[in-house]
Each structure stands twice: as structure tokens, then as C-alpha cells.
Amino acid sequence: MSSIKIECVLRENCRCGESPVWEEASDSLLFVDIPAKKLCRWDSLSKRVQRVAVDAPVSSVALRQLGGYVATIGTKFCALNWENQSVSVLATVDKEKTNNRFNDGKVDPAGRYFAGTMAEETAPAVLERHQGSLYSLFPDHNVKKYFDQVDVSNGLDWSLDHKIFYYIDSLSYSVDAFDYDLQTGQISNRRIVYKMEKDEQIPDGMCIDAEGKLWVACYNGGRVIRLDPETGKRLQTVKLPVDKTTSCCFGGKDYSEMYVTCARDGMDAEGLLRQPDAGGIFKITGLGVKGIAPYSYAG
Ligand SMILES: O=C(O)[C@H](O)[C@@H](O)[C@H](O)[C@H](O)CO
Ligand SMILES: [Zn+2]
């Protein structure tokens, strides 16, 4: 039996923490606070955090093969130079949708940066429906659009053999899969692999583990769940001491730890008193399963 330990390692008070990414080279966790328009890098050795402020909501961050990072800021795919904090725009989407912004994003095994959009929320999960689309930024900076009619674009990850793309549109309350063609970046044959149960609430960020099982952060559900995408069964539930769990990734030594982000926005004063670590970064150890290294953008 593994003994699971859950610890708040950083009380960052994120309004909406998201997009945790482990950077092995610096033993650090990258993440964003979307409405606070900031990117953070938490050094797990020194426990220090560095922050970069940007001029629009920043919804995801990823490693870049050339060095530095890429991030989705507003409706732009951007490159970020951490040293001088400069941002350069690689591509812009949804130009005619002035109320849209990017939401979650992640790099595929071939180095393409996938991210979807959504209408800006007036309150958590309250927004104009069907305004978002899913895109990817190819290494040559060309953008491919996959589909539209998305409510809240989330998820996302790829199977270990790179033949399946897993995706979440949060307000569908399901985890979906597509066949994936790694050579071309094409997706096809959408199907549901898991329907959320009522108390699991809203599916948000997701990552795959080294056994090919999916971990989904349950927004308002205060937990991460482990799913078997082949059988559609839930294998495990890990509850956290905060309700608004938003996303998860593996990191630490050999990717044996899980990091979970969460949100404070949408909580009332009483809720914040009960959950003082809301908006913090949580580390889960003792899961007995490892993750895999994140991919880096190839452009
Ligand atoms: O980070 C996200 O995915 C959204 O931007 C958030 O606002 C919430 O998680 C969403 O409201 C839950 O569906
Ligand atoms: Zn999300």
C-alpha cells in the first residue's frame, strides 16, 4: 500500500492557477494565474518563486526547445524570454471574437503547441457558450484550427503511443478521445471515454501517467481522479483540501510527484476561511505511479 501525502508547497493565492509544467533542467514548476496575468516559476530546491507579469490573461505555458518558454496570452501564441521578461507574438487566433481568450494548452509529442479558446467568463463557468475553438501552433508558426463550438477548452494530453489525443470541453462534463496522427497533427473519430459523476463536478486540466492512465482535476470537486481510458472506469480518487482544483502534472524526481493547481475566484469569504490554501500549489507524493516528461515546443 502506498501512503499518499498531500501538502501545500506554495501559498500563492492564485485567482485561477493553471497549467502546471515541470521543468527538469531547473527542478522547477511553471504555472500561470490566468486572471492575474502572471506566469510563475517555483524552484523546488530553494522554494523561491519568480513571477513575470503580462498584459492579458495568460492561460498556459510550455517549454521551448530553443530555450525560454511559449505561452498563450489573450488570443495569442507567444514566446517568452524569462531573463528579460520580453514577450513576442508568434500567432493570433479568434481575431473577430473580441471577448475570447485562450484557455488550457500543451505541447504534443512532435513539438506542436495545442491550445483552445473560450469566451471570457463573467463568473467561473458562466460565459457565452460555444465561442471557443481548438488550435495548434506548428513549429513553423502556422496555426491549424481543428473545430469550433467549444465552451471551455481544457484537458489535454496524448497517449503513450501517440495515437490518441485526449481532450476536455469542460461544460460537456466528459473526457473525450480522438485518433491522433502524429505525422500530420490531424485528429479524427471523436468519442467519449469518461462521463463525470455528479460529485466530481467539472472536468478541467488533465495529464497522463507512465501507465497510460489519465488524471483529471475536478473543478469544484476538490479532487483529482485517475481514469482508465480503455475501459472508461475510474481507478482512483485523491481528494484535496480545496474545492477548485484546476489542473495537474507530474514532476519532481523521476516524475514521481504530482503537482496540482487550484483557484480562489468564485469562493466566498467563508469558503476562503475554511480553505486558506485555496489558490496554492499542492504536491502529492506516494501515488505509486510516475508521470512522463513534458514535450517542448519545436519552433
Ligand atoms: O482554467 C480554466 O480552465 C478556466 O479558465 C477556469 O475559469 C475554470 O477552470 C472553469 O471555469 C471551470 O470550468
Ligand atoms: Zn483549465
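Counting convention: from 1, in listed order, for ligands and their atoms alike.
The N/O atoms of N154, backbone and side chain alike, include one that comes under 3.5 Å of an N/O atom in ligand 1. At a 3.5 angstrom cut-off on N or O pairs, N103 counts as close to ligand 1. Considering backbone and side-chain N/O of L171, none are found under 3.5 Å from N/O of ligand 1.
Shown in contact with I34 at under 4.0 Å from a heavy atom are these atoms of ligand 1, numbered in order with element: 1 (O), 5 (O). Near E18, the atoms of ligand 1 lying under 4.0 angstrom from a non-hydrogen atom of the residue are 1 (O), 2 (C), 3 (O). Taking every heavy atom of I202 and a limit of under 4.0 angstrom, the matching atoms of ligand 1 come to 13 (O). Shown in contact with E121 at under 4.0 Å from a heavy atom are these atoms of ligand 1, numbered in order with element: 6 (C), 7 (O), 10 (C), 11 (O).
Between the T75 side chain and the T92 main chain, no donor and acceptor come within less than 3.5 Å of each other. A donor-acceptor distance shorter than 3.5 angstrom exists from the side chain of K47 to the backbone of S44, with no hydrogens or angles considered.
Salt bridge K290/E211: absent, no basic N to carboxylate O contact under 4.0 Å. A salt bridge links E270 with R274; the closest basic N to acidic carboxylate O contact falls under 4.0 Å. A salt bridge is absent between D43 and R48; no separation between the charged side-chain nitrogens and carboxylate oxygens falls under 4.0 Å.
Taking the six-membered ring for Trp and the full ring otherwise, the centers of Y167 and W158 sit at least 6.0 Å from each other. Not less than 6.0 angstrom separates the ring centroid of F250 from the ring centroid of Y259.
Geometrically, K144 engages Y146 in a cation-pi contact, judged by NZ or CZ lying under 6.0 Å from the ring centre and within 45° of the ring axis.
Residue K244 does not touch ligand 1, judged by heavy-atom distances below 4.0 Å. Residue contacts with ligand 1, taken as heavy atom pairs separated by less than 4.0 Å, do not involve A263 at all.
The nearest heavy-atom contact from the protein to atom 9 (O) of ligand 1 is D204 OD2, 2.5 Å.
At least one heavy atom of R101 sits closer than 4.0 Å to an atom of ligand 1.
Listing protein N, O or S atoms at distances below 2.8 Å from the Zn ion (ligand 2), with waters left out, gives E18 OE2, N154 OD1, D204 OD1.
Applying the ring-ring contact (aromatic ring centres under 6.0 Å, His included) test to every pair with at least one member in residues 64-91, sequence neighbours left out, gives these pairs: Y69-W82, F77-F102, F77-Y113.
When only modelled atom types and interatomic distance are considered, T72 and S60 share a side-chain donor-acceptor pair under 3.5 Å. For the 3.5 Å distance criterion, the side chains of N103 and N154 qualify, holding a donor opposite an acceptor.
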